[in-house]
Amino acid sequence: MPGVPSLDRPPAGPITSQLGRRDPAYLDGLNPEQREAVLTTEGPLLVLAGAGTGKTRVLTTRIAHILTTRLARGAEILSVTFTNKAAREMKERIARLVGSSVEGMPWLGTFHSISARILRRHAELVDLRSDFTILDTDDQIRLIKQLLEAENIDEKRWPARQFAGMLDTWKNRGLLPRDVSEADAGFFANGRGRKLYADYQARLKVLNAADFGDLLLECIRLFRDNPDVLAEYHRRFKYMLVDEYQDSNVAQYLWLRLLAQGKPASEANLCVVGDDDQSIYGWRGAEVDNILRFEKDFPGAKVIKLERNYRSTGNILSAASHLIAFNESRLGKTLQTDVAEKGETVSVTSVWDSEEEARSIGEEIEQFQRKSEPLNSMAILVRASFQMREFEERFITLGLSYRVIGGPRFYERREIRDAIAYLRVVANPSDSLSFERIVNVPKRGLGDTTIRTLMETARHQNAPLTAATRMLIETEELKPKQRTTLRELLGQFDAWSERARGIPHAELAEQILDESGYTAMWQNDKSPDSPGRLENLKELVRSMEEFETLGGFLEHISLVMDRDTVDAEDAVSIMTLHSAKGLEFDTVFLPGWEEGLFPSQRTMDELGRAGLEEERRLAYVGITRARKRARISLSQNRRIHGLWQSALPSRFLDELPADAVEVKDTGSSYGGYGYGGATASRFNKMDPFESVYETPGWQRAQRQQASRKSAGPMTIDGELVARSVNDPGSSSAFKLGETVLHLKFGHGKVSGVEGNKLTIDFETAGRKKVLDSFIRKA
DNA sequence: GCTTTCGGGATTTTT
DNA sequence: TCCCGAAAGC
């Protein structure tokens with residue numbers, strides 16, 4: 001192991017000096033704070049790592065340090081991440097540092113994969129068998145639908161999706177059926193929410209299954225009810241590390257606390273790393289509070305702030321820091337850079353509509369491309385995925401290669417889930433849900449009636465679906481045709497299970513797909529996406545080869561829903577702000593900075609001030625993704641759900657520091673009479689427009705104006721929503737030739753009406769195209 | 001049992 | 001506006 005310090009050093013005591021005269025190579029290049037975070041191995045430690053401050057480096061180096069100084073072996077370190085991607089990355093980096101394989105770190109993984117591992121070992125203690133199935137959202141919803149039907153609950157009125165969402169929320173909070181308050185559960189299906197939850201859990205046990213939430217909850221139950229088991233893990237884990245701690249939810253917190261209880265809280269060797277300013281998953285149950293109160297939970301915890309940013313230019317950091325400072329609930333960090341160069345200013349560009357936004361960003365990208373900037377170094381980060389389409393369309397026209405990150409995941413595709421269902425039944429014939437999924441896929445002439453009979457028998461006999469089917473085909477209960485079909489299908493499954501022992505599982509999968517008629521089903525399908533589906537199936541078989549056993553592959557599938565898109569092609573990335581966390585690019589485009597879209601109105605409605613702060617953190621995440629250039633844009637008009645809506649500039653724009661920001665105006669690009677300047681005004685304190693339209697009075701006026709128009713536009717936080725141009729009942733209240741007043745452009749005469757878009761000749765500003773919601777009669 | 005049509009809904013997303 | 005998922009028709 002060249003370059004790695006010898007393994008027989010004495011355990012590290014307080015900091016460097018005892019490590020020997022010369023520091024080990026892995027500490028090279030760490031700044032003092034990072035180094036301290038690595039070397040403070042004993043006791044609780046909170047590392048607050050701002051964006052781009054080398055968080056992952058600290059984590060991996062810390063583990064490398066523990067390993068090389070022999071404080072613990074790999075198997076004695078618990079290190080938890082949220083995503084499989086992060087876990088994979090850490091494994092790779094530790095391997096690079098320590099120079100050996102990572103096989104020795106069995107407890108590095110996500111909360112869920114580690115929980116699954118623990119549960120399989122002690123399954124019988126939580127009423128499961130060790131081969132329990134892990135349900136994903138899709139399975140979960142199918143199961144809930146069955147329950148709703150059994151309870152005679154109208155699925156139209158009480159959608160299974162909604163209940164799945166509630167279950168998720170409860171499980172995130174660590175609530176069992178008995179803990180759910182009536183108030184919480186009561187409204188669903190007229191007070192049957194709690195019973196449904198209990199029924200659902202009972203059903204899971206019958207199916208020998210656990211959903212994602214259960215992986216954690218059952219683990220918590222296991223630890224609480226079996227102190228001896230918990231003690232075993234206390235002895236095992238000498239060091240615990242948690243990445244992205246700001247994203248942890250209540251259940252994960254409880255899980256962690258139990259595991260940390262082996263010692264008094266003030267002595268726990270627990271290191272959590274995170275950034276309260278990057279907590280963007282509150283809507284999914286993450287509790288920023290976990291990180292905010294770490295010091296209370298673990299008295300005497302050391303807190304180390306990493307504030308030196310190695311990623312972005314001064315202007316970008318200044319913009320991000322200035323913005324995030326508007327949040328009240330934060331621990332407070334300030335990013336600093338050693339680089340004297342401030343770099344390019346952050347630009348804010350106002351455009352007429354989202355089409356122009358896509359066009360101008362496309363042009364800019366082409367310019368960069370001409371200057372030999374790789375497309376890989378550029379990204380477009382949007383708030384909501386519907387914004388992506390406009391860019392895709394534009395880039396296709398331009399012939400600009402792009403890739404969409406996120407989006408429908410590979411393992412969620414129908415053909416993949418079907419194929420997996422076949423494999424699951426082969427691996428575990430009592431997997432009723434999977435059997436049910438594919439029993440009539442491809443179509444085998446088994447309808448509702450047949451399947452219902454199967455399920456009822458299974459319920460009466462308290463047996464898995466396959467076993468029930470086996471029984472039924474020996475009776476006269478089914479029609480001869482169906483009986484034969486089922487007998488043949490079961491025969492096929494028997495044959496496959498038999499073969500599973502003899503041949504490689506990838507090969508087996510191929511045979512199953514062919515012999516079941518599944519491949520043929522898509523080959524005969526004329527729809528345009530069937531070739532893609534066949535391609536995906538091939539890809540699935542290919543990816544199976546990487547696994548030793550079928551079981552190993554299926555476990556991976558259930559827990560690792562992401563797929564590495566190792567895409568060599570040079571392309572611009574398009575993704576949501578959420579999926580951009582943890583990534584970085586030279587140039588980042590941030591479109592759609594408009595009130596209602598970003599910050600999202602819905603978040604603010606649902607979570608109030610906390611929601612606004614989370615949106616602001618999202619903006620912070622977005623800006624800090626940029627190394628050299630951040631380009632913000634906003635559109636004055638946006639079509640959402642087919643409705644034209646006028647938009648006000650995002651309040652976040654006001655929170656950017658004037659000296660790091662440059663306001664551009666492409667108003668002219670809309671046929672020469674674009675409605676530009678409104679944004680500029682937000683940075684120009686002389687302009688009356690800004691001061692006026694933000695006052696409560698102006699907003700009230702707008703609201704009144706809105707309510708006066710019958711069936712008129714809705715009000716969004718005091719802002720008028722533009723009406724559809726196509727809506728005949730909503731032609732503008734303004735007439736040609738009428739004299740009007742615009743808050744920015746002053747007096748003018750209406751020279752054109754097009755739905756609620758008006759062309760107006762202003763006395764001073766000339767001809768402009770504006771929305772009527774910005775206009776008052778003079 | 002399979003295909004068409006209608007209606008409702010429409011952020012962010014991992015495991 | 002557009003897409004997806006459940007009832008009606010063949």
Side-chain angles (χ1 to χ4, degrees), chain A residues 80-87 109-116 134-141 145 154-157 159-162 165 168 171-172 210-217 244 247-249 251-252 279-286 381-390 405-409 411-412 414 440 442-451 481-482 527 555-562 575-582 592 596-607 611 614-615 617-619 621-622 638-645 724-727:
Chain A
V80 199
T81 62
F82 277 82
T83 65
N84 294 290
K85 197 176 154 217
T110 62
F111 276 103
H112 296 269
S113 64
I114 292 171
S115 295
I134 299 168
L135 299 193
D136 59 33
T137 329
D138 210 76
D139 300 322
Q140 206 184 3
I141 285 176
K145 278 186 182 163
D154 182 12
E155 219 250 296
K156 279 263 174 61
R157 209 153 147 228
R161 281 210 158 276
Q162 190 190 344
D168 199 51
K171 291 189 174 185
N172 283 159
D211 63 22
F212 287 125
D214 280 351
L215 292 178
L216 284 154
L217 283 193
E244 306 277 19
D247 286 340
S248 61
N249 60 35
Q252 287 156 343
S279 159
I280 55 175
Y281 286 107
W283 51 274
R284 207 167 73 184
L381 310 183
V382 297
R383 175 62 183 81
S385 39
F386 71 79
Q387 293 172 259
M388 292 179 181
R389 213 179 70 196
E390 205 102 38
I405 313 246
R409 271 170 296 285
Y411 294 121
E412 276 168 23
R414 184 149 64 115
N440 197 35
K443 300 271 182 305
R444 297 190 172 91
L446 303 168
D448 272 358
T449 353
T450 316
I451 290 166
K481 197 165 152 245
Q482 276 77 6
S527 68
E555 181 82 352
H556 168 85
I557 285 285
S558 327
L559 290 168
V560 184
M561 298 301 276
D562 64 340
M575 69 186 94
T576 62
L577 287 161
H578 283 93
S579 35
K581 196 169 86 169
L597 175 61
F598 191 40
S600 147
Q601 189 58 47
R602 194 153 152 187
T603 303
M604 293 190 293
D605 289 346
E606 282 168 14
L607 299 157
E614 181 153 315
E615 293 286 306
R617 292 192 290 265
L618 207 45
V621 167
R638 194 171 285 277
R639 212 168 48 172
I640 295 176
H641 312 325
L643 278 180
W644 276 100
Q645 298 193 172
S724 168
V725 180
N726 305 320
D727 183 357

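Within every chain, numbering begins at 1; the chains are lettered A, B, ... in the order of the sequence lines, protein sequences first and strands thereafter. Keep in mind that this is a model prediction, so the values were computed, not measured.
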Colleague: Could a donor-acceptor pair under 3.5 angstrom be found where the side chain of A:Arg383 meets the base of B:dT12?
Modeller: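 Check passes, donor-acceptor contact within cut-off.
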
Colleague: Figure out the CG/C1' separation between A:Leu215 and B:dT14, and round it to whole Å.
Modeller: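 My rounded result for the distance is 12 Å.
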
Colleague: Tell me which nucleotide among B:dT12, B:dC2, B:dT14 gets nearest to the side chain of A:Arg284.
Modeller: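 Out of B:dT12, B:dC2, B:dT14, the nucleotide with an atom closest to A:Arg284's side chain is B:dT14.
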
Colleague: On a whole-Å scale, what distance lies between the P atoms belonging to C:dC3 and B:dT14?
Modeller: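 So the two P atoms sit 22 Å from each other.
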
Colleague: How long is the span from the NZ atom in A:Lys581 to the CD1 atom in A:Ile280, to the nearest 0.5 Å?
Modeller: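 Those atoms lie 5.0 Å apart.
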
Colleague: Could you give the CZ-to-P distance, from A:Arg639 to C:dC2, as a whole number of Å?
Modeller: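 Taking CZ of A:Arg639 and P of C:dC2, I get 7 Å after rounding.
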
Colleague: For A:His112 and B:dT14, what is the distance between atoms NE2 and C1' respectively, to the nearest whole Å?
Modeller: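 About 7 Å, once rounded to whole Å.
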
Colleague: Any idea which heavy atoms bring A:Arg617 and A:Ser279 closest together, and the distance?
Modeller: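 Between these two residues, the closest heavy atoms are NE-O, 2.6 Å.
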
Colleague: Quick one: label A:Gly213 by what it contacts on the DNA or RNA (base, sugar-phosphate, nothing), any heavy atom closer than 4.0 Å.
Modeller: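 The answer is nothing, as A:Gly213 stays clear of every strand by at least 4.0 Å.
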
Colleague: Looking across every strand, which nucleic acid part, if any, lies under 4.0 Å from A:Glu614 by heavy atom: base, sugar-phosphate, or nothing?
Modeller: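 Contact class for A:Glu614: none.
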
Colleague: Check the distance between B:dT13's P and A:His578's NE2 and give it to me in whole angstrom.
Modeller: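 Between P of B:dT13 and NE2 of A:His578: 7 Å.
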
Colleague: According to the interplanar angle, ranging from 0 to 90°, do the rings of A:Tyr281 and A:His578 count as parallel (below 30°), tilted (30 to 60°) or perpendicular (above 60°)?
Modeller: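 Answer is tilted, since the angle falls between 30° and 60°.
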
Colleague: Rounded to whole angstrom units, what separation is found between the NZ atom of A:Lys156 and the C1' atom of B:dC6?
Modeller: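 Computing the A:Lys156:NZ to B:dC6:C1' distance gives 10 Å.
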
Colleague: For A:Phe386 and C:dC3, give me the distance from atom CZ to atom C1', rounded to whole Å.
Modeller: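 Atom-to-atom, A:Phe386 to C:dC3, this comes out as 15 Å.
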
Colleague: With a non-hydrogen cut-off below 4.0 angstrom, is A:Arg389 in contact with a base, only sugar-phosphate, or nothing?
Modeller: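 Sugar-phosphate, no base atom in range.
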
Colleague: State whether A:Lys171 places a side-chain N or O below 4.0 Å from either non-bridging phosphate oxygen (OP1 or OP2) of B:dT15.
Modeller: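 Checking B:dT15 against A:Lys171, no side-chain N or O comes under 4.0 Å of OP1 or OP2.
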
Colleague: Using a 4.0 Å heavy-atom cut-off, does A:Leu607 contact any base of the nucleic acid, only the sugar-phosphate backbone, or nothing at all?
Modeller: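 No contact at all - A:Leu607 keeps every heavy atom at 4.0 Å or more from the nucleic acid.
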
Colleague: Closest-nucleotide mapping onto DNA chain B: is A:Phe82 or A:Leu618 further toward the 5' terminus? I mean the 5' end.
Modeller: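 Closer to the 5' end of DNA chain B: A:Leu618.
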
Colleague: As a test of reading the structure: which of C:dA6, B:dT12, B:dG1 is closest to the side chain of A:Lys145, going by heavy atoms?
Modeller: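 From the listed options, C:dA6 comes nearest.
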
Colleague: If you define the side chain from C-beta out and look only at heavy atoms, does anything of A:Leu559 sit under 4.5 Å from A:Leu215?
Modeller: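 Counting from C-beta outward, A:Leu559 and A:Leu215 do come under 4.5 Å.
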
Colleague: Name the nucleic acid region contacted by A:Lys581, choosing base, sugar-phosphate or nothing; use a 4.0 angstrom heavy-atom cut-off, strictly under.
Modeller: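 Here A:Lys581 touches no strand at all.
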
Colleague: Quick one: label A:Ser600 by what it contacts on the DNA or RNA (base, sugar-phosphate, nothing), any heavy atom closer than 4.0 Å.
Modeller: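 Answer is base: heavy atoms of A:Ser600 come under 4.0 Å of a base.
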
Colleague: Do A:Gln387 side-chain atoms and A:Ala384 backbone N/O form a donor-acceptor pair below 3.5 Å?
Modeller: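 Checking the backbone N and O of A:Ala384 against the side chain of A:Gln387, a donor-acceptor pair under 3.5 Å is found.
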
Colleague: May I have the distance from A:Tyr281 (atom OH) to B:dT12 (atom P), rounded to whole angstrom?
Modeller: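 Interatomic distance, OH of A:Tyr281 to P of B:dT12: 11 Å.
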
Colleague: May I ask you to test the A:Leu618-A:Arg383 pair for a side-chain heavy-atom distance under 4.5 Å?
Modeller: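 Yes, side chains in contact.
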
Colleague: If you look at every strand shown and take non-hydrogen atoms under 4.0 Å, does A:Ser579 touch a base, only sugar-phosphate, or nothing?
Modeller: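 Counting heavy atoms under 4.0 Å across all strands, the contact made by A:Ser579 is with sugar-phosphate only.
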
Colleague: Less than 5.5 Å between centroids and less than 30° between ring planes, does A:Trp283 satisfy that with B:dT12?
Modeller: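 Yes, aromatic ring over the base.
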
Colleague: Figure out the CZ/C1' separation between A:Arg161 and C:dC3, and round it to whole Å.
Modeller: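 Computing the A:Arg161:CZ to C:dC3:C1' distance gives 13 Å.
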
Colleague: Is any side-chain nitrogen or oxygen of A:Asn84 closer than 4.0 Å to OP1 or OP2 of B:dT14?
Modeller: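 Looking at the OP1 and OP2 atoms of B:dT14, neither is under 4.0 Å from any side-chain N or O of A:Asn84.
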
